[in-house]
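All remarks here apply to the structure that follows.
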Amino acid sequence: MECVVQGIIETSHVEALEILLQGLCGVRRESLRIHELCLKSGPNLGHVSSDVRLLCDLEQAEPIWTVKHIGGAMRGAGADQISVLVRSMVESKVSKNALRLFYALGYKLDHELLRVGFAFHFKRGAQITVTVSSINKMPKLHATDEAVPVTPGIQLIEVTAPALPENYTEVAAAMSSFCEYLAPLVHLSKPGVSTGVVPTAHAAAASLMSDGGGTTL
């Protein structure tokens, strides 16, 4: 399982967010350049459609491929009472021939994206990952070098943490506590719940930039 929240931020404030995250996380950022292919199963693979994502890490000298399947979100009173989305998730490293394999199985390419930005991985009550990236589309199949932003001037922020059925409430609490520190710059909520940009983000970003991230939190 994994816990996740998302939000958006104006690109002009991303540098201030990076300064804030650097101070909070205490680790160096990792550059992010991920080619993501979303595949859908064909009719020969059952009545229930299945989506998988193939992720190719282009930041590595030798591209690394991962296959990821995101299941349904947890429902019920317990899920409604926490501020993060809890969903099932399975992922595994695969070879560079994975796309050919899924095509042979009957999957079809639904769409592809290029995510460009950075990520922080750190431990703070849970193993948390924060990614900040622009989402780009390709005008031609697999043409990552020609990718253009889907929403110019806006970047996506995603905070995730792995969890188990036995500890998801503790993981959710740790994530919520951490996300409070980001509130001056970004609204974070469950995926699919749009909260827009923070109206006062410009002033908060200016403050962070002026003191180099030295603001007491």
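Positions are given from 1, in the same order as the sequence printed here. Since the model is a prediction, treat every value here as computed from it, not as a measurement. Keep in mind that the numbers below use all heavy atoms, side chains included, and drop hydrogens, waters and symmetry copies.
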Using 30° and 60° as the class limits, which term best fits the ring planes of His202 and His13: parallel, tilted or perpendicular?
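His202 and His13: tilted rings.
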Would you please classify the geometry between the Phe102 ring and the Tyr107 ring as parallel, tilted or perpendicular, with 30° and 60° separating the classes?
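Perpendicular: the ring planes of Tyr107 and Phe102 meet at over 60°.
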Please lay out, stage by stage, how His35 and Thr144 fare under the test side chain to side chain donor-acceptor pair (under 3.5 Å).
CA-CA 7 Å; His35 182 195; Thr144 55; 5.7 Å; no
Would you say the side-chain atoms of [X] and [Y] include a donor-acceptor pair closer than 3.5 Å?
{"X": "Thr169", "Y": "Asn167", "value": "no"}
{"X": "Ser176", "Y": "Ser83", "value": "yes"}
{"X": "His69", "Y": "Glu91", "value": "no"}

Any donor-acceptor N/O pair, [X] side chain to [Y] backbone, under 3.5 Å:
{"X": "Lys190", "Y": "Val86", "answer": "no"}
{"X": "Glu2", "Y": "Ala163", "answer": "no"}
{"X": "Ser207", "Y": "Ala203", "answer": "no"}

Identify whether [X] and [Y] are in the same connected component of the hydrophobic contact network (ILVMFWY, side-chain heavy atoms under 4.5 Å).
{"X": "Val94", "Y": "Val90", "value": "no"}
{"X": "Leu188", "Y": "Val171", "value": "no"}
{"X": "Ile9", "Y": "Met175", "value": "yes"}

Would you say that [X] contacts [Y] through its side chain, given a criterion of any heavy-atom pair below 4.5 Å between the two side chains?
{"X": "Val197", "Y": "Val186", "result": "no"}
{"X": "Ser31", "Y": "Phe118", "result": "no"}
{"X": "Val130", "Y": "Phe122", "result": "yes"}
{"X": "Arg87", "Y": "Val4", "result": "yes"}
{"X": "Ile135", "Y": "Ile154", "result": "no"}
{"X": "Pro162", "Y": "Gln127", "result": "yes"}
{"X": "Tyr103", "Y": "Leu109", "result": "yes"}
{"X": "Cys179", "Y": "Val159", "result": "yes"}

Output, in order, the C-alpha distance, side-chain angles, deciding distance and verdict of side chain to side chain contact (heavy atoms under 4.5 Å, CB included) for Leu54 and Trp65.
CA-CA 7 Å; Leu54 278 181; Trp65 287 83; 4.2 Å; yes
Working for side chain to side chain contact (heavy atoms under 4.5 Å, CB included), residues Leu55 and Lys68:
CA-CA 8 Å; Leu55 311 175; Lys68 185 173 184 178; 4.2 Å; yes
Just to verify, which of [options] counts as forming a side chain to side chain contact (heavy atoms under 4.5 Å, CB included) with [X]?
{"X": "Ile157", "options": "Leu17, Val5, Leu185", "value": "Leu17"}
{"X": "Leu101", "options": "Asn97, Leu99, Leu105", "value": "Leu105"}
{"X": "Arg53", "options": "Ile70, Ile34, Thr66, Val67", "value": "Ile70"}

Can you see which heavy atom on [X] is nearest to which on [Y], and at what distance?
{"X": "Arg28", "Y": "Phe120", "value": "C-CE2, 4.0 Å"}
{"X": "Met1", "Y": "Leu164", "value": "SD-C, 3.9 Å"}
{"X": "Val27", "Y": "Gln22", "value": "O-NE2, 2.6 Å"}
{"X": "Glu146", "Y": "Pro139", "value": "O-CD, 3.3 Å"}
{"X": "Cys3", "Y": "Val84", "value": "CB-CG2, 3.9 Å"}
{"X": "Phe178", "Y": "Arg124", "value": "CD1-CD, 3.6 Å"}

Nearest-0.5 Å distance that lies between atom [atom1] in [X] and atom [atom2] in [Y]:
{"X": "Met74", "Y": "Tyr168", "atom1": "CE", "atom2": "OH", "value": "3.5 Å"}
{"X": "Gln6", "Y": "Thr160", "atom1": "CD", "atom2": "OG1", "value": "10.0 Å"}
{"X": "Glu15", "Y": "Leu20", "atom1": "CD", "atom2": "CG", "value": "13.0 Å"}
{"X": "Cys38", "Y": "Glu112", "atom1": "SG", "atom2": "CD", "value": "11.0 Å"}
{"X": "Ile8", "Y": "Ser194", "atom1": "CD1", "atom2": "OG", "value": "5.5 Å"}
{"X": "Asp110", "Y": "Leu39", "atom1": "CG", "atom2": "CG", "value": "8.5 Å"}

Report the hydrophobic cluster partners of Met138, with the cluster defined as I, L, V, M, F, W, Y residues connected by side-chain heavy atoms closer than 4.5 angstrom, directly or transitively.
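The other cluster members (ILVMFWY side chains, heavy atoms under 4.5 Å, direct or chained) are Leu58, Leu114, Val116.
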Other than Ile64, which residues form its hydrophobic cluster under the rule that side-chain heavy atoms must be closer than 4.5 Å?
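Joined to Ile64, directly or through intermediates: none.
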Does CD in Glu170 sit with more than 12 non-hydrogen atoms of other residues, nucleotides or ligands closer than 6.0 Å?
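It does: Glu170 CD has more than 12 such atoms within range.
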Stepwise, does the side chain to side chain contact (heavy atoms under 4.5 Å, CB included) test hold for Leu156 with Arg115?
CA-CA 9 Å; Leu156 174 70; Arg115 298 175 183 265; 3.6 Å; yes
